[in-house]
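Input: a single structure, listed below in structure tokens.
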There are 2 protein chains.
Amino acid sequence: MNISAASKAAGLPVKTVRYYANIGLVEAPSRSSAGYRTYDDTAVRKLVFIRRSRAFGFTIEECRDLLGLYQDQSRNSAEVKRIASKRLEEIEEKQRELQSLHDDLSHLVRTCRGDDRPDCPIIDYLG
Amino acid sequence: MNISAASKAAGLPVKTVRYYANIGLVEAPSRSSAGYRTYDDTAVRKLVFIRRSRAFGFTIEECRDLLGLYQDQSRNSAEVKRIASKRLEEIEEKQRELQSLHDDLSHLVRTCRGDDRPDCPIIDYLG
DNA sequence: CCTTAACTCTCCAGTTGCGGGAAAGATTAG
DNA sequence: CTAATCTTTCCCGCAACTGGAGAGTTAAGG
């Protein structure tokens, strides 16, 4: 499988697939005689794993750890849970932050008339 | 006022104050004979305005626009409202995204035993 | 067999919004 | 007078890619 086939199978851009090997997140693929990267199903499965991990917002370093656990048949699920819980707390923190921003900004937007006059509670709030 | 006094008054790091002038977000401050930047209350007010705008998550370019409107006595509040509404929609989009991630990830975390055995619904989901 | 399109390679630069740190000059306190 | 504390400019680094240049490779069609 060449890189574009692997990228389609994994659901990742070609550039990203190369990038993940460059930073050592996945092992460097073997090469054809012309120097083309060749991928097998195992490599694609790892890429899919990373794509799904990234979709949860795990950092590359966290993906590295998760991928290690994925491949470790003697892993402790506690370690996986620890990493996931940490991410969950970050998500909850971000949610609180966004909720606060939303409350404030939506109030301002509602009270702004939005016409051709200069009076504006949004500007008043910011200034 | 030297830069550190202005930075304290504005609630922004010194580096950030310099950065905002470098990218032309605020006008370049006048200089003392030794080349030190000097700030007045007007300059500080603009920096505060930017800090508050940034706190809402407006990009630097949006801050540039908002600052222009702030200083434009003949502005239309409609323009301000348009920019703020756009940001509000982004916030809401992000909230939906985070809610979805939260639902999925919290479910996985709840169902993972988190012990010394390898079985793990989180890994199963990602793999 | 030849052309041409599509694919792949490496390398470098840019993105956003700053932060860190070096080296050099200015100012202030004691 | 000296030491500490500013301040300056400059350049690098972060996260996680993305875009593009320039060069080589391969597959399809005529």
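Proteins come first, then strands; the chains are lettered A, B, ... in the order of their sequence lines, and each starts at number 1. As the structure is a prediction and not an experimental result, all values here were calculated from the model. FYI, side chains are in, hydrogens and waters are out, and symmetry mates aren't considered; it's all heavy atoms of this structure.
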Quick check on contacts: within [range], what sits under 4.0 Å from DNA chain C by heavy-atom distance?
{"range": "residues 12-39 of chain A", "answer": "A:K15, A:R18, A:R31, A:G35, A:Y36, A:R37"}
{"range": "residues 41-49 of chain B", "answer": "none"}
{"range": "residues 3-11 of chain A", "answer": "A:I3, A:S4"}

My understanding is that only residues two or more places apart in sequence, or in another chain, count here; which of them pass side-chain hydrogen bond (donor to acceptor under 3.5 Å, both in side chains) with [X]?
{"X": "B:S100", "value": "none"}
{"X": "A:R37", "value": "none"}
{"X": "B:R75", "value": "none"}
{"X": "A:R51", "value": "none"}

Would you mind listing every ring-ring contact (aromatic ring centres under 6.0 Å, His included) that reaches into residues 52-78 of chain A, with sequence neighbours excluded?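 The answer is A:F49-A:Y70, A:F56-B:Y125.
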Audit row: A:E61, A:R64, side-chain contact (heavy atoms from CB on, under 4.5 Å) steps and yes/no: CA-CA 5 Å; A:E61 288 315 304; A:R64 205 184 290 272; 3.1 Å; yes
Other residues, nucleotides, ligands: >12 heavy atoms within 6.0 Å of A:E92 CD: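 Yes, the 6.0 Å shell around CD holds more than 12 heavy atoms from other groups.
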Are A:Y36 and A:L47 connected in the hydrophobic side-chain network, where two residues link if heavy atoms are under 4.5 Å apart?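 No, A:Y36 and A:L47 fall in different hydrophobic clusters.
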Evaluate B:T42 against B:K46 for side-chain contact (heavy atoms from CB on, under 4.5 Å), listing each step before the verdict. CA-CA 6 Å; B:T42 304; B:K46 290 180 193 173; 4.1 Å; yes
Looking at every non-hydrogen atom in both residues, tell me the closest pair between A:L101 and B:A55 and how far apart they are.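 Taking every non-hydrogen atom into account, CD2-O, 3.3 Å.
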Give the first and the last nucleotide of DNA chain D, reading 5' to 3', that has any atom under 4.0 Å from a heavy atom of chain A.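 Counting from the 5' end, contacts occupy D:dA16 to D:dT26.
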Quick one: side chains of residues 5-23 of chain B, donor-acceptor pairs under 3.5 Å with protein atoms, not counting sequence neighbours, listed by atom name and distance.
{"from": "B:S7", "atom 1": "OG", "to": "B:S4", "atom 2": "O", "distance (Å)": "3.4"}
{"from": "B:S7", "atom 1": "OG", "to": "B:L12", "atom 2": "O", "distance (Å)": "3.1"}

Nucleotides bounding contact with chain A, strand DNA chain C, heavy-atom threshold 4.0 Å: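 Reading along DNA chain C, I get C:dC7 to C:dC11.
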Please tabulate, one pair per line, all N/O donor-acceptor pairs under 3.5 Å involving side-chain atoms of residues 106-116 of chain A, not counting sequence neighbours.
{"from": "A:S106", "atom 1": "OG", "to": "A:H102", "atom 2": "O", "distance (Å)": "2.7"}
{"from": "A:S106", "atom 1": "OG", "to": "A:D103", "atom 2": "O", "distance (Å)": "3.3"}
{"from": "A:T111", "atom 1": "OG1", "to": "A:H107", "atom 2": "O", "distance (Å)": "3.1"}
{"from": "A:T111", "atom 1": "OG1", "to": "A:L108", "atom 2": "O", "distance (Å)": "3.1"}
{"from": "A:R113", "atom 1": "NE", "to": "A:D115", "atom 2": "OD2", "distance (Å)": "3.4"}
{"from": "A:D115", "atom 1": "OD1", "to": "A:R117", "atom 2": "N", "distance (Å)": "2.9"}
{"from": "A:D115", "atom 1": "OD1", "to": "B:S77", "atom 2": "OG", "distance (Å)": "3.2"}
{"from": "A:D115", "atom 1": "OD2", "to": "A:R117", "atom 2": "NE", "distance (Å)": "3.1"}
{"from": "A:D115", "atom 1": "OD2", "to": "A:R117", "atom 2": "NH2", "distance (Å)": "2.8"}

Residue that, paired with A:Q95, satisfies side-chain hydrogen bond (donor to acceptor under 3.5 Å, both in side chains) out of B:Q95, B:K94, B:Q99: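 It is B:Q99; the other options fail the test.
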Tell me whether A:K86 is salt-bridged to A:E90, with the criterion being a basic N under 4.0 Å from an acidic carboxylate O.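 A salt bridge links A:K86 with A:E90.
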Can you list the steps and then say if A:T59 with A:R87 is a side-chain contact (heavy atoms from CB on, under 4.5 Å)? CA-CA 9 Å; A:T59 65; A:R87 177 66 192 130; over 6 Å; no
